[in-house]
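In what follows, chains are A, B, ... by sequence order, proteins preceding strands, each numbered from 1.
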There are 2 protein chains.
Amino acid sequence: MDTQVFPDMIERLREAGIPVTFPRLAIARVLFTHPVHVSAEQVLERVREIAPDIARGTVYNTLNLFVEKGMLRELIVDPTRVYYDSTTTPHHHYYDVTTGELWDVPVGQLRVVGTPDLPAGAVLEDIDVIVRVRRRAA
Amino acid sequence: MDTQVFPDMIERLREAGIPVTFPRLAIARVLFTHPVHVSAEQVLERVREIAPDIARGTVYNTLNLFVEKGMLRELIVDPTRVYYDSTTTPHHHYYDVTTGELWDVPVGQLRVVGTPDLPAGAVLEDIDVIVRVRRRAA
DNA sequence: TTCCATGCAAAGGGTTTGCACTCTC
DNA sequence: GAGAGTGCAAACCCTTTGCATGGAA
């Protein structure tokens, strides 16, 4: 299979220690060309514009793989689906509960102060801040 | 139907403006006797220990009703299910990604500082802070 | 009688899994 | 030829919905 079509993404997969394949390149291209906040189904849809034969299962597996390898961040914000954030640098999020829209809090705008008190044997994985916003009825 | 079995919960429903029925009392009892963090299925299970005939749909509907009326808070923390918090006072959460365990950050221990920048026509609904924790492999 | 609440069962939607096939090393 | 990756379809699980029944005002 021709894996040379997305040359910009090959290095990125290699750095993460992920064997390069065509579906992975296509998915990486959807995710990493620009910063995005997307659901798995949105990724599937956009990937199929490039490569119509890619399977749903492959997209889901690949997203989980990317998360595991630290290329992608899972956002647990919406009760009905997982969103993925292609920016892995620490930052927080706005979430519009009316529209499902999701966008970044500029770094430094909000900050969590204080010392978390972790149980023995526990490791801090992440601190998520979600600013939930509702569009006012006009 | 005998709605007098859980006298302590009747007042609570009335204050929230919710017509008192037996299933609602049983569900309220599971939620409000002690502070809890529970999923809908856990509520169903515990309610059925008291009242075996209560339907799954009734539990889900009632939980949504309680949230709408401000008696209960939804926690979007786990990608596979919604958790409900019977404490509605503002506070943040620890979440153990290994076990699914969920507990409160003591009030004042962590604080979000800064000014959120909301788009025009948007109203701040809530700021959620979730401290994700992982049990270290022994 | 009208409306709301309930039980029951089925549908819905996002995600995962099983299996056979292909490709690579 | 062994193992990994993929496509396809079905299974899975949480949640919602439709419908008929029963009760309350």
Using 0.5 Å steps for rounding, measure from the CG atom of Leu102(B) to the CG atom of Asp85(B). 7.0 Å
Contact class for Arg24(B) vs. all strands (heavy atom < 4.0 Å): base, sugar-phosphate, or nothing? sugar-phosphate
Measuring to OP1 and OP2 of dT16(C), would you say a side-chain N or O of Tyr60(A) lies under 4.0 angstrom away? no
Looking only at side-chain N and O atoms, does Thr80(A) come under 4.0 Å of OP1 or OP2 in dT15(D)? no
Heavy atoms from C-beta onward define the side chain here; which of dT15(D), dG5(D), dG7(D) lies closest to that of Pro19(A)? dG5(D)
Closest of dT6(D), dT15(C), dT16(D) to the Ala40(A) side chain is dT15(C)
Which pairs, with at least one residue in residues 48-63 of chain A and sequence neighbours excluded, count as a salt bridge (charged side-chain N to carboxylate O under 4.0 Å, His left out)? Glu41(A)-Arg56(A)
Tell me whether the side-chain N/O atoms of Asn61(A) come closer than 4.0 Å to OP1 or OP2 in dT16(C). no
Between Asp117(A) and Tyr94(B), a side-chain donor and acceptor under 3.5 Å: no
When Thr58(A) and Glu41(B) are each assigned the nearest nucleotide of DNA chain D, the 5'-most assignment goes to Thr58(A)
Distance-only side-chain donor-acceptor flag, Asp128(B) / Tyr95(A), under 3.5 Å: no
The nucleotide from dG7(C), dT16(D), dG5(D) with an atom nearest the side chain of Pro23(B) is dG7(C)
